[in-house]
Asker: 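One structure, pasted below without further comment.
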Protein chains: 2
Amino acid sequence: MSMDARKFRILQAIIDDYILTAIPVGSRTISKKYEMGLSSATIRNEMSDLEELGYLDQPHVSAGRIPSAKAYRLYVDQLLRAGKIHTDDAASLREHFTRRTGKMEDVINRAAQVLSSLTHYTSLVMSPKGGDMTIRNLQLVPVTQNSALLVIVTDSGIVRDAVIHVDSDLDADALYAISGMLTQRLTSHTLAEAQHVIRAMTREFAEKRAMLSGISELVSEVESQQTQSKLAFGGTSNILSFPEYSDVEKARGFLSLLESKDTLLRLLEQHQNVAFTVRIGPETGVPELRDCSLVTATYTIGDHTQGTIGVIGPTRMQYGRVLGVLSAMGEQLTRLFAADKE
Amino acid sequence: MSMDARKFRILQAIIDDYILTAIPVGSRTISKKYEMGLSSATIRNEMSDLEELGYLDQPHVSAGRIPSAKAYRLYVDQLLRAGKIHTDDAASLREHFTRRTGKMEDVINRAAQVLSSLTHYTSLVMSPKGGDMTIRNLQLVPVTQNSALLVIVTDSGIVRDAVIHVDSDLDADALYAISGMLTQRLTSHTLAEAQHVIRAMTREFAEKRAMLSGISELVSEVESQQTQSKLAFGGTSNILSFPEYSDVEKARGFLSLLESKDTLLRLLEQHQNVAFTVRIGPETGVPELRDCSLVTATYTIGDHTQGTIGVIGPTRMQYGRVLGVLSAMGEQLTRLFAADKE
DNA sequence: TGTTAGCACTCGTTTAACGTGAGTGCTAAC
DNA sequence: GTTAGCACTCACGTTAAACGAGTGCTAACA
């Protein structure tokens, strides 16, 4: 016995129904609601087969069937293969991004907001790693006598900054001069490379060593601060509207997971080079997400720097729709950052 | 019949017990657990009086009593009057703030984190309004051809920034020159005043009008962006660990309230000139917070600019402890910003 | 006059029993 | 291969009964 076209059609109907209702699907429901010219008894036989094949689970003997992770996997692969990702939302998405801003944080927060309100799931938006970004421009702004704000503008018009410690009493003009010099040297290097360049400079200008070493130290500080990507959430409370999270303990586990951020960052950083990722329940490898699916997509800043956006919802997620929204949002972000460039 | 010392002692015992256990307190519990040399019957009479006075509620006739909002109010007023705010946590708090940073956002995020982990409630940390802060220094950093980052350093070493649109093609040097001029004119004015000053300048330098008007427009943009205080949360999932929020719908309402932020901002902005605020249940005026209390304290940046920190938990909150932690944190933040100043 | 023991009463909670119905698996006939 | 029929299972909702925590009231006591 193996999977044939009819079994697949039935399985699809079961998944569709379960995604909609969250209640186990019975044979009668399929035979009547999704008229496929078969009696419930026939469906029953097929369902029995599908269970044996591992696509369906039965909560208890007198209940209907629910799709297994394996079933969702098949369903999603089918979706992806068919390229059935409808970007209907592209238009409505665009209008959310009329106000321009170059601040990474604002952009990802807004994007997360929009994503969650469109999907009604919890959304994640991750900024690209700072280390990969190419420096276009760099400037030190005096803050206090001992500290300055190091502003780094990247290739694609994204601003990153950090307050750093400055030993000597440098006035605004001195800092501006240094900024000019540093910009000249560091332009078109990545943040990760900046360290080495500065170290080379230190050797070159022995006399200015003291000052440069201070700056080198602090560029490294900036780098380490910026290396970890920022993560923004949207619709964190949405998960509570799904019956699979009506158990408060489960909901708390989920929300705690969001709060700590690092597990999710690790998840999002995997497979960053594929356009879409769908991880279903156990595939995430995170116990708290046993009943969740994580769908991600990427967007591009400049030529190769990539950021990730994603949606977390119950495994019975509206994959088609979510993939569509993510795809549209990815394009939108890519376009947004590209536009900022010129 | 009125409130005497014994009634008050009994009420206090009831509140203490209810805060600990969250189950209605019976007369026997008080007479045995908090031995006050009285039989349960006597306690019963007193409790009946306390109910009549409005300090106790009875969920149903065969259950114990629970404190009313009025009771908590009395309890808290007593706490505040006695000045019994123990800052035991001051020391453990200090070590959380060794790393210095001038970025407002980092500070308030970290503070929220610490607050929630110490109290096990949900914490709020609000940055002061930007408009009230005095400008020390101001600098434009080129980002793209059409945009620049306007960095504003305030009196107390706090950095605020925003990406603004620049019409003409100004190079780095031109922007730096403008920055110098603006700094000279705007130093020791508040952000709110900056608008007027710039408008005056526009009249003065008719020839540079085009450029200045552009900047004026954008300082106002910055101001409006910064006028709304930033709000950081900590421990948002903590609320789910209390039995009063075991109802998922209620929990969802609470979390949605956090997500939208504006209601809370409004609450936090009230009574900003008092050291402590305790709003109990209905006193908040927010339906979603009917069973919650909001405790706030303030911290100071510079001379008069104030920020607010707060904790939200069930009405049966450990008020003494929370007030202590908030007080310590307020001092800590005030000290942190003061240190950054010199 | 305040305190306490005693007792009837209330009412939410728990447990068990029971009927209901959705859904299945199997068999036999088409 | 499909389907009608039927016995069977089992979660779920309802009802009833026992339970017990806690109260209010009364009467006696110090």
Asker: How many Å lie between NE2 on A/H60 and C1' on D/dC8, as a whole number?
Answerer: 14 Å

Asker: Do B/S293 and B/Y319 get their side chains close enough for a donor-acceptor pair, meaning under 3.5 Å?
Answerer: yes

Asker: Strictly by modelled atom types, are B/D16 and B/Y34 linked by a side-chain donor-acceptor pair under 3.5 Å?
Answerer: no

Asker: Just by distance, no angles: are the side chains of A/S27 and A/S40 close enough, under 3.5 Å, to form a donor-acceptor pair?
Answerer: no

Asker: To the nearest Å, how far apart are A/M47 CE and C/dA22 P?
Answerer: 16 Å

Asker: Can you check whether A/S116 reaches A/F233 side chain to side chain, under 4.5 Å on heavy atoms?
Answerer: no

Asker: Once you round it to whole Å, what is the distance between P of C/dT24 and CD of A/E46?
Answerer: 14 Å

Asker: Among C/dT3, D/dT9, D/dG24, which nucleotide has an atom closest to any side-chain atom of A/V61?
Answerer: D/dT9

Asker: B/I66 CD1 to D/dG22 C1': how many Å, rounded?
Answerer: 15 Å

Asker: Does the side chain of B/D291 come under 3.5 Å of the side chain of B/Y245 through a donor N or O and an acceptor N or O?
Answerer: no

Asker: What nucleic acid atoms does A/S40 come within less than 4.0 Å of, heavy atoms only: base, sugar-phosphate, or nothing?
Answerer: nothing

Asker: In whole angstroms, how far is the P atom of C/dT10 from the CD atom of B/Q58?
Answerer: 14 Å

Asker: Any donor-acceptor pair under 3.5 Å between the side chain of A/R44 and the base of D/dG5?
Answerer: yes

Asker: In whole angstrom, what separates B/L38's CG from C/dA5's P?
Answerer: 11 Å

Asker: Starting at CG of B/N45 and ending at P of D/dA27, how long is that distance when rounded to a whole Å?
Answerer: 15 Å

Asker: How long is the line joining CG of A/D57 and C1' of C/dG23, in whole Å?
Answerer: 16 Å

Asker: Do the side-chain N or O atoms of A/T42 get closer than 4.0 angstrom to the phosphate oxygens (OP1, OP2) of D/dG1?
Answerer: no

Asker: Counting Watson-Crick and G-U wobble pairs with both distances under 3.5 Å, what is the dot-bracket string for DNA chain C, 5' to 3', using [ ] for crossing pairs and | for pairs to another strand?
Answerer: ||||||||||||||||||||||||||||||

Asker: Does A/V25 or B/R6 map to a spot on DNA chain C nearer the 5' end, using the closest nucleotide for each?
Answerer: B/R6

Asker: Kindly say if A/R65 contacts the phosphate of C/dG23, meaning a side-chain N or O under 4.0 Å from OP1 or OP2.
Answerer: no

Asker: Can you tell if the side chain of A/R44 reaches within under 4.5 Å of the side chain of A/T42, non-hydrogen atoms only?
Answerer: no

Asker: Is A/S62 close enough to D/dC10 that one of its side-chain N or O atoms is under 4.0 Å from OP1 or OP2 there?
Answerer: no

Asker: Are the side chain of A/S256 and the backbone N or O of A/R252 linked by a donor-acceptor pair below 3.5 Å?
Answerer: yes

